[in-house]
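Read the structure below first, then the notes.
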2 protein chains.
Amino acid sequence: MISFDNFIMEDSSPIYLQILLYIKREIIAGTVKDGDELPSRRMLSALLGVNPNTVQKSYKMLEDEALIISHSGAKSNVSLDEEKKKKIRQEVLHADAETAVRTLKQMGVTKEEAFALISEYWD
Amino acid sequence: MISFDNFIMEDSSPIYLQILLYIKREIIAGTVKDGDELPSRRMLSALLGVNPNTVQKSYKMLEDEALIISHSGAKSNVSLDEEKKKKIRQEVLHADAETAVRTLKQMGVTKEEAFALISEYWD
DNA sequence: TAAACCGTATTAGTCGACTAATACACTTTT
DNA sequence: AAAAGTGTATTAGTCGACTAATACGGTTTA
């Protein structure tokens with residue numbers, strides 16, 4: 001069962017996108033594997049304090065990307081192979097790194113200062 | 001006059017916040033200094049292709065934080081001292097670094113891999 | 001001085017994100 | 001078989017972000 005212990009809700013970004021990204025990042029980390037069971041829409045919505053429809057929207061998008069499979073009436077499961085993993089790794093990791101570099105560079109931070117910052121906030 | 005050449009509009013985040021953050025990051029970079037002139041609401045909205053009210057909202061929030069001063073009828077100007085600069089540096093740089101580290105760590109990236117990633121996307 | 005720009009404000013409307021309540025058919029569990 | 005949980009769908013409504021059009025008075029500029 002996928003854990004949402006480390007999920008932190010931001011504002012200024014749609015919740016359904018945050019849930020979507022959280023799951024994708026867990027897939028990249030390898031903590032979520034092929035066949036893993038997802039929490040039900042109702043359970044997760046109760047856990048996060050959001051509406052079931054919001055979770056449903058996240059799950060629907062994941063299903064449209066063929067990253068999960070929903071069996072009507074039963075639990076939903078993760079569906080992964082190496083190709084899919086490589087694809088979302090490229091997609092999410094790329095975007096996150098690019099965004100981080102772009103904002104840091106805009107603020108005039110040098111590469112060495114960036115390393116120092118990363119180190120500082122890593123622990 | 002503040003330049004918006006490097007401004008890239010994202011979706012999934014309110015435009016008025018993106019403009020606000022862009023200006024704060026330019027202040028941190030030092031490319032925007034005390035007394036600098038801001039583009040007028042109408043000019044910037046035309047440049048970015050958004051509604052004048054959206055820009056007005058960004059400027060109003062900057063004025064509420066005393067980072068800019070608006071003279072009714074005339075141009076608006078940046079208002080900075082060392083204390084303000086230190087404060088927003090702490091606010092924005094802190095948040096950006098923290099977000100970057102949190103997402104990278106969630107994806108199972110090690111500190112060394114993070115350095116390699118930053119290096120890769122830096123140029 | 002007159003034109004052109006400026007900041008500010010108001011009103012109305014659209015649209016997406018999200019909530020709320022409910023229903024139905026299917027699967028699993030007891 | 002019955003109960004509980006599940007995915008899916010529908011309808012209605014709220015709320016914030018954003019657009020659109022317009023107006024007014026002050027400042028700058030030619």
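Order of the sequence lines fixes the chain letters, A, B, ..., with proteins taken first and strands second; residue numbering starts at 1 for each chain. On a predicted model such as this, the values are computed, not experimentally measured, just so you know.
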Does [X] have a side-chain nitrogen or oxygen under 4.0 Å from the phosphate oxygens OP1 or OP2 of [N]?
{"X": "B/R41", "N": "C/dC6", "result": "no"}
{"X": "A/S76", "N": "D/dT6", "result": "no"}
{"X": "B/T54", "N": "D/dA17", "result": "no"}

Are the side chains of B/L67 and B/V78 in touch, meaning some heavy atoms are under 4.5 Å apart?
-> no
May I ask you to verify whether the side chain of B/R42 and the base of C/dG7 hold a donor-acceptor pair under 3.5 Å?
-> yes
d([atom1], [X]; [atom2], [N]) in whole Å:
{"X": "B/I69", "N": "D/dG26", "atom1": "CD1", "atom2": "P", "result": "20 Å"}
{"X": "B/L17", "N": "D/dG16", "atom1": "CG", "atom2": "C1'", "result": "12 Å"}
{"X": "A/M61", "N": "C/dG16", "atom1": "CE", "atom2": "C1'", "result": "13 Å"}
{"X": "A/K75", "N": "C/dT29", "atom1": "NZ", "atom2": "C1'", "result": "11 Å"}
{"X": "B/I15", "N": "C/dG16", "atom1": "CD1", "atom2": "P", "result": "14 Å"}
{"X": "A/E37", "N": "D/dT6", "atom1": "CD", "atom2": "C1'", "result": "11 Å"}
{"X": "A/I19", "N": "C/dA17", "atom1": "CD1", "atom2": "C1'", "result": "12 Å"}
{"X": "A/L48", "N": "C/dT19", "atom1": "CG", "atom2": "P", "result": "10 Å"}

Nearest to the side chain of [X], which nucleotide is it out of [options]?
{"X": "A/Y16", "options": "C/dG7, C/dT19, C/dC18", "answer": "C/dC18"}
{"X": "B/Q56", "options": "C/dT8, C/dT19, D/dA17", "answer": "C/dT8"}
{"X": "A/K57", "options": "C/dA17, D/dG7, C/dT8", "answer": "C/dA17"}
{"X": "A/S72", "options": "D/dT28, C/dT8, D/dT8", "answer": "D/dT8"}
{"X": "A/S70", "options": "D/dT19, C/dT28, D/dG7", "answer": "D/dG7"}
{"X": "B/M43", "options": "C/dC18, C/dC6, C/dT8", "answer": "C/dC6"}
{"X": "B/N53", "options": "D/dC18, C/dT10, D/dA9", "answer": "C/dT10"}

May I ask whether B/I118 and A/W122 are part of the same hydrophobic cluster, defined by side-chain heavy atoms of I, L, V, M, F, W, Y residues being less than 4.5 angstrom apart, directly or through others?
->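 As far as the 4.5 Å side-chain criterion goes, A/W122 and B/I118 are connected within one cluster.
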In terms of side-chain geometry, is the basic nitrogen of B/E65 or B/K87 positioned less than 4.0 Å from the acidic oxygen of its partner?
->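 Salt bridge absent between B/E65 and B/K87.
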Any ion pair linking B/K85 and B/E82 (charged N to carboxylate O, less than 4.0 Å)?
-> yes
Can you name the nearest heavy-atom pair linking A/L80 to A/D34, along with the distance?
-> N-OD1, 2.6 Å
Which comes earlier along DNA chain C counting from the 5' end, the contact point of A/H71 or that of A/Q18, where each point is its nearest nucleotide?
->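 Result: A/Q18.
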In this structure, OG of A/S3 is separated from CG of A/L47 (nearest 0.5 Å) by 8.5 Å
Pick base, sugar-phosphate or nothing for A/E63, based on heavy-atom distances below 4.0 Å to the nucleic acid.
->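 Sugar-phosphate: the residue A/E63, judged by heavy atoms under 4.0 Å, touches backbone atoms but no base.
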